[in-house]
Amino acid sequence: MKLSIVSTMYRSSPFLEEFCARTLRAAQALTPDFELILVNDGSPDDSLALALKLQSAAPHIQVVDLSRNFGHHAAIVAGLEQSRGERVFLIDCDLEEQPEWLSVFAEKLDTSGADVAFGVQQERVAAYTSNLFGETFWKALNFMSSVPIPHNPMTCRLMTRRFVDAVVRVEDRVLYLAGVFAWTGFRQEPVLLKKIARATTSKSTYNLPRKIIQVVDSFSSFSVMPLSLIFFLGLLIWLGSMTFALYLLVQKLLTPTLILSGFTTITLSIWFLGGITILVLGVLGLYLAKVFQEVKRRPLYLVRDVYRGEK
């Protein structure tokens, strides 16, 4: 098979029909030998039923139904593992990313000889505060990570078979795909693109709590620098306390009658050191939780059914 197209479904019914129609046209313009894999990530709406209805009229559509909601990144891996194409096009189905970009990515791979052509946002379409948060996150992550992670990457990307096979060999249970794609290596070429506003009024499923969880997972997955920072923070506090103790000793020797007092200073010191202790324990707890999740070796996802179209 020449081409596999992978997308995930979660509350996707408002735009699924248009997405499939446009994606099928874009794929047929490149090759008749392709498949469109839709992964149902435990969607609570009628996305699965609609996908199966569309499959009856378009046998190129393959539907993978997960047993429950495992998360966007796990669903992507499920689709990649089910794919059979020599090239695999990954894209979100909410129509912020355009199916017609497939030809742009294909041309990029053909001319560059790279293994991956991935989308990069020319400018972010979210609110100012969200953009500021995203900018800060990427700078901090790349500062702490040993693997450079591209700035403002999109989900959409066209990949060769050998790259996809390498990605699915990564067995992280706490999964951060942008980091995994970068860590996998190979030759990857960016394609500057611009998302459009969400095609429907439905809200993004990536709310603030989920974004915070993703930030925590990304840092704990691709950087041990927070653990190093804990050491240096402890060293700094210890040196500061020793310096202050030496200062008090000198003051007492120079002025024997000096009465040392300072309830406020003691209180602030206790609160400060107590906060630092809780913060340090929290960071250690994050890494311990990650180890706990990894050593259990539970499957990243479970498939309930696979519906293959008859071509």
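Applying the side-chain contact (heavy atoms from CB on, under 4.5 Å) test to Arg25 and every residue at least two apart in sequence or in another chain returns Ala21, Arg22. Evaluation of the salt bridge (charged side-chain N to carboxylate O under 4.0 Å, His left out) rule for Asp165 yields Arg161 as partners, not counting sequence neighbours. Listed by chain and residue number, Phe186 satisfy the ring pair (Phe, Tyr, Trp, His ring centres under 6.0 Å) test with Phe163 (two or more places apart in sequence, or in another chain). With sequence neighbours excluded, the residues satisfying side-chain contact (heavy atoms from CB on, under 4.5 Å) with Leu300 are Ala74, Val77, Leu175. Scored by the salt bridge (charged side-chain N to carboxylate O under 4.0 Å, His left out) test, Glu189 finds Arg187 as partners (sequence neighbours excluded). The side-chain contact (heavy atoms from CB on, under 4.5 Å) test applied to Ala27 returns Leu3, Ile5, Phe34, Leu102, not counting sequence neighbours. Qualifying side-chain contact (heavy atoms from CB on, under 4.5 Å) partners for Val303, counting only residues two or more places apart in sequence or in other chains: Val64, Leu66, Tyr301, Val306. The side chain to side chain donor-acceptor pair (under 3.5 Å) test applied to Ser4 returns Glu35, not counting sequence neighbours. Partners of Asp92 according to the salt bridge (charged side-chain N to carboxylate O under 4.0 Å, His left out) rule, which considers only residues two or more places apart in sequence or in another chain, do not exist here.
Considering all non-hydrogen atoms of both residues, Cys20 and Leu38 come closest at SG-CD1, 3.8 Å. The two residues Ser83 and Val6 come nearest to each other via the heavy atoms CB-CG2, 4.3 Å. Closest non-hydrogen pair, Ala166 versus Thr184, comes out as CB-CG2, 3.7 Å. Considering every non-hydrogen atom in both Thr160 and Ala114, the closest pair reads CG2-O, 4.1 Å. Residues Gly79 and Ile37 approach most closely at O-CD1, 3.9 Å, considering heavy atoms. When every heavy atom of Asp45 is checked against every heavy atom of Pro14, the shortest pair comes out as OD2-CD, 4.4 Å.
No side-chain heavy atom of Gln121 sits under 4.5 Å from any side-chain heavy atom of Leu193. Counting heavy atoms from C-beta on, the side chains of Val88 and Leu80 come closer than 4.5 Å. Side-chain contact check for Val39 versus Ile76: every heavy-atom pair is 4.5 Å or farther apart. You'll find the side chain of Arg11 stays beyond 4.5 Å of the side chain of Ser47, heavy atoms only. Under the 4.5 Å side-chain criterion, counting only non-hydrogen atoms from C-beta, Asp115 is not in contact with Met159.
Sorted by first and then second residue, the pairs that involve residues 101-110 and meet salt bridge (charged side-chain N to carboxylate O under 4.0 Å, His left out), not counting sequence neighbours, are Arg87-Asp110. Every pair passing ring pair (Phe, Tyr, Trp, His ring centres under 6.0 Å) that includes a residue from residues 102-121 is listed here, sequence neighbours excluded: Phe89-Phe105. Among residues at least two apart or in separate chains, there is no salt bridge (charged side-chain N to carboxylate O under 4.0 Å, His left out) pair with a member in residues 48-61.
Here the side chain of Ser103 pairs a donor or acceptor atom with the backbone of Glu100 at under 3.5 angstrom.
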Query raised in the report: Under the side chain to side chain contact (heavy atoms under 4.5 Å, CB included) criterion, do Phe70 and Leu302 qualify, and how do the steps go?
Result: CA-CA 8 Å; Phe70 287 91; Leu302 294 173; 4.0 Å; yes
Apply side chain to side chain contact (heavy atoms under 4.5 Å, CB included) to residues Gln82 and Arg308 and explain how you reach the verdict. CA-CA 11 Å; Gln82 291 287 334; Arg308 298 199 178 275; 2.9 Å; yes
The test is side chain to side chain contact (heavy atoms under 4.5 Å, CB included); show your working for Arg157 and Trp101 and say whether it passes.
CA-CA 9 Å; Arg157 59 193 61 227; Trp101 290 344; over 6 Å; no
message = Before you tell me yes or no, could you show the steps for Asp94 and Ser12 under side chain to side chain contact (heavy atoms under 4.5 Å, CB included), namely the whole-Å CA-CA distance, both residues' side-chain angles and the distance that decides it to 0.1 Å?
response = CA-CA 7 Å; Asp94 58 5; Ser12 303; over 6 Å; no
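For the atom pair CD of Gln28 and CG of Asp33, the computed distance is 12.0 Å after rounding to the nearest 0.5 Å. We find the CD-CG distance between Gln55 and Leu36 to be 10.0 Å, quoted to the nearest 0.5 Å. Of the inter-residue distances, the one linking Glu96 atom CD with Thr155 atom OG1 reads 9.5 Å to the nearest 0.5 angstrom. Interatomic distance, Met9 CE to Phe19 CZ, rounded to the nearest 0.5 Å: 10.0 Å. For the atom pair Leu50 CG and Leu16 CG, the distance stands at 5.0 Å (nearest 0.5 Å). Distance SG/Cys93 to CD/Glu17: 13.0 Å, rounded to 0.5 Å.
There is no side-chain donor-acceptor pair under 3.5 Å between Thr8 and Asp41.
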